[in-house]
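What follows is one structure encoded as structure tokens, with my remarks underneath.
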Amino acid sequence: ELVGRRPMLPSCRAGTPSRASSYPHSSVDRFVILSPSRCRALSVENIVTYLTAVLLERQIVVFESNIAYLSAIVLSLQPLLLPFSWQSLLLPVVPVDKQDLLEAPVPFVIGMLTKTRDIRAKCGSLVRINAYKDDVKNAGSFPRLPNAKALTRELEGPHARIRRFGVQFGSDSCPIYEISSEERQEAAVFAEKVRQHLMALTSELAFFMISDVGSATSVGILMRDAFVESFEEGEDRDFIDQWTQSQMFELYADWVQHN
């Protein structure tokens, strides 16, 4: 059963590249050109939910019958994560005969073109991004990103402009990696607003690090519990508690300790 049908993305010629962060895992400009695909397929609210699930390293499956859209939606999460980087299984398109990957005991983002009965059975507890109908399932299984509503409002402008530019300048015959300079600029603005939001959450991280004076080499230790408790009790703290246990956060914290 095809999960949905969607025409080729409207797009046109490429523009100038976007600015990259200084963090080692931030050289993902090649994925920025795929960001308009995500904005056309998903609402701002669902993009923020998708981002939250990825930050918490949930098991995520994306459904879309158009292979170009599917690949773009999965791969375009990379610039959204700056200054962090996905550390686990990332498969833009998985064939039906490899559906056992949906039972892998690790975090993953997997793209699927179809929904068979077996696939549906395996996805009951997974975060499901139904891109073909702009819908997210099992979003209630994890806490919301702190200040998610404020971030959503910030993203509404570039999100709407990306959609408008695609219709105004696009051509159905163009591949998804050919985008207008306006789309590229707005995609960079979109990613930068998300980056600033994530950086605000970690702006005081260095104050919660101490040096292990008993070590022969310089070793930093993150006082994780103290950092978590610095956030307001409730859903914000629940998110930070889970996020600080993720591989991507640990890698970033290690980088902060040594820089």
Side-chain angles (χ1 to χ4, degrees), residues 1-9 11 25 28 30-81 84-145 172 175-177 239 242-243 245-251:
E1 175 194 355
L2 289 177
V3 297
R5 304 188 67 85
R6 192 189 299 276
M8 181 63 71
L9 285 172
S11 55
H25 295 281
V28 292
R30 63 189 182 278
F31 293 119
V32 170
I33 61 174
L34 302 177
S35 298
S37 310
R38 180 193 61 242
C39 288
R40 295 194 188 94
L42 299 173
S43 66
V44 178
E45 292 80 7
N46 283 339
I47 290 174
V48 172
T49 300
Y50 180 27
L51 169 66
T52 305
V54 171
L55 288 169
L56 295 178
E57 295 183 344
R58 290 300 197 263
Q59 296 177 317
I60 306 164
V61 56
V62 181
F63 289 107
E64 168 58 59
S65 65
N66 184 303
I67 192 170
Y69 261 98
L70 179 62
S71 301
I73 293 167
V74 173
L75 292 175
S76 67
L77 69 84
Q78 297 283 4
L80 274 190
L81 293 177
F84 301 88
S85 179
W86 181 255
Q87 298 298 310
S88 194
L89 190 62
L90 180 71
L91 299 173
V93 183
V94 172
V96 174
D97 61 355
K98 301 297 183 183
Q99 62 183 271
D100 287 347
L101 287 168
L102 294 170
E103 298 177 311
V106 296
F108 57 70
V109 181
I110 287 177
M112 300 289 297
L113 290 164
T114 61
K115 277 185 184 179
T116 65
R117 181 178 298 178
D118 289 342
I119 289 175
R120 289 177 185 272
K122 288 179 170 65
C123 292
S125 62
L126 308 183
V127 177
R128 302 190 299 279
I129 311 294
N130 296 311
Y132 64 96
K133 59 179 180 179
D134 190 12
D135 177 63
V136 179
K137 297 296 186 185
N138 286 338
S141 62
F142 51 87
R144 289 182 299 177
L145 182 71
D172 288 350
I176 64 171
Y177 54 82
F239 174 89
Q242 294 182 33
W243 189 31
Q245 297 179 64
S246 68
Q247 294 181 56
M248 71 175 75
F249 190 95
E250 290 179 358
L251 184 67

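Please read all numbers here as calculations on a predicted model, not as lab measurements.
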**Study point:** Close side-chain approach of Ile47 to Cys39, heavy-atom, < 4.5 Å
**Key:** yes
Review point. Within a strict 4.5 Å, meaning less than it, do heavy atoms of the Cys123 and Phe63 side chains meet?
Key: yes
**Study point:** Side-chain heavy atoms of Lys122 within contact of Val61, under 4.5 Å
**Key:** no
Exercise for review: Could you check Thr49, Thr52, Val48 and say which one makes a side-chain contact (heavy atoms from CB on, under 4.5 Å) with Val136?
Suggested key: Thr49
**Study point:** Considering all heavy atoms, the nearest Pro92-Leu70 contact
**Key:** O-CG, 3.5 Å
Check your understanding: Arg58 side chain to Val127 main-chain N or O, any donor-acceptor pair under 3.5 Å?
Key -> no
Check your understanding: Has the side chain of Asn66 got a donor or acceptor atom that lies under 3.5 Å from a matching backbone atom of Ala68?
Key -> yes
Point to revise | Side-chain heavy-atom pair Trp86, Gln247 within 4.5 angstrom cut-off | key: no
**Study point:** Rounded distance [0.5 Å steps], CG in Leu102 versus CD1 in Ile119
**Key:** 6.5 Å
Check your understanding: Any side-chain heavy-atom pair from Glu57 and Ser88 closer than 4.5 angstrom?
Key -> no
Check your understanding: What's the spacing between Leu56 CG and Gln245 CD if we round to 0.5 Å?
Key -> 10.5 Å
Practice item. Over 60° means perpendicular and under 30° means parallel, so classify the ring planes of Phe249 and Trp243, tilted if in between. Key: perpendicular
Review point. Are the side chain of Asn138 and the backbone of Gly124 linked by a donor-acceptor contact shorter than 3.5 Å?
Key: yes
Exercise for review: Check Ile73 against Ser37 and note the closest heavy-atom contact, atom names and distance.
Suggested key: CG1-O, 4.5 Å
Check your understanding: Are any side-chain N or O atoms of Ser76 and backbone N or O atoms of Arg38, one a donor and one an acceptor, separated by less than 3.5 Å?
Key -> no
Study note, to complete from the structure: Scanning both residues in full, the closest heavy-atom pair of Gln242 with Pro143 reads NE2-CD, 3.5 Å
Study note, to complete from the structure: Rounded to the nearest 0.5 angstrom, the CE-CD1 distance for Met112 and Ile129 is 15.0 Å
Exercise for review: Say whether, by atom type as modelled, one donor and one acceptor occur between the side chain of Asn46 and the main chain of Asp134 under 3.5 angstrom.
Suggested key: yes
Exercise for review: State, with a plain yes or no, whether a side-chain heavy atom of Leu77 is found less than 4.5 Å away from one of Leu51.
Suggested key: no
Review point. Rounded to the nearest 0.5 Å, what separation is found between the CG atom of Asp97 and the CD atom of Gln99?
Key: 8.5 Å
Review point. Less than 4.5 Å apart, any side-chain heavy atom of Ile67 and any of Ser71?
Key: yes
Practice item. Could you tell me whether a side-chain N or O of Gln59 sits under 3.5 Å from a main-chain N or O of Val106, the two making a donor and an acceptor? Key: yes
Check your understanding: Within a strict 4.5 Å, meaning less than it, do heavy atoms of the Gln78 and Leu90 side chains meet?
Key -> yes
Check your understanding: Distance-only, no hydrogens or angles: does the Tyr50 side chain make a donor-acceptor pair with backbone N or O of Leu42 under 3.5 Å?
Key -> no
**Study point:** Minimum heavy-atom distance Lys115-Tyr132, with the two atoms named
**Key:** NZ-OH, 3.3 Å
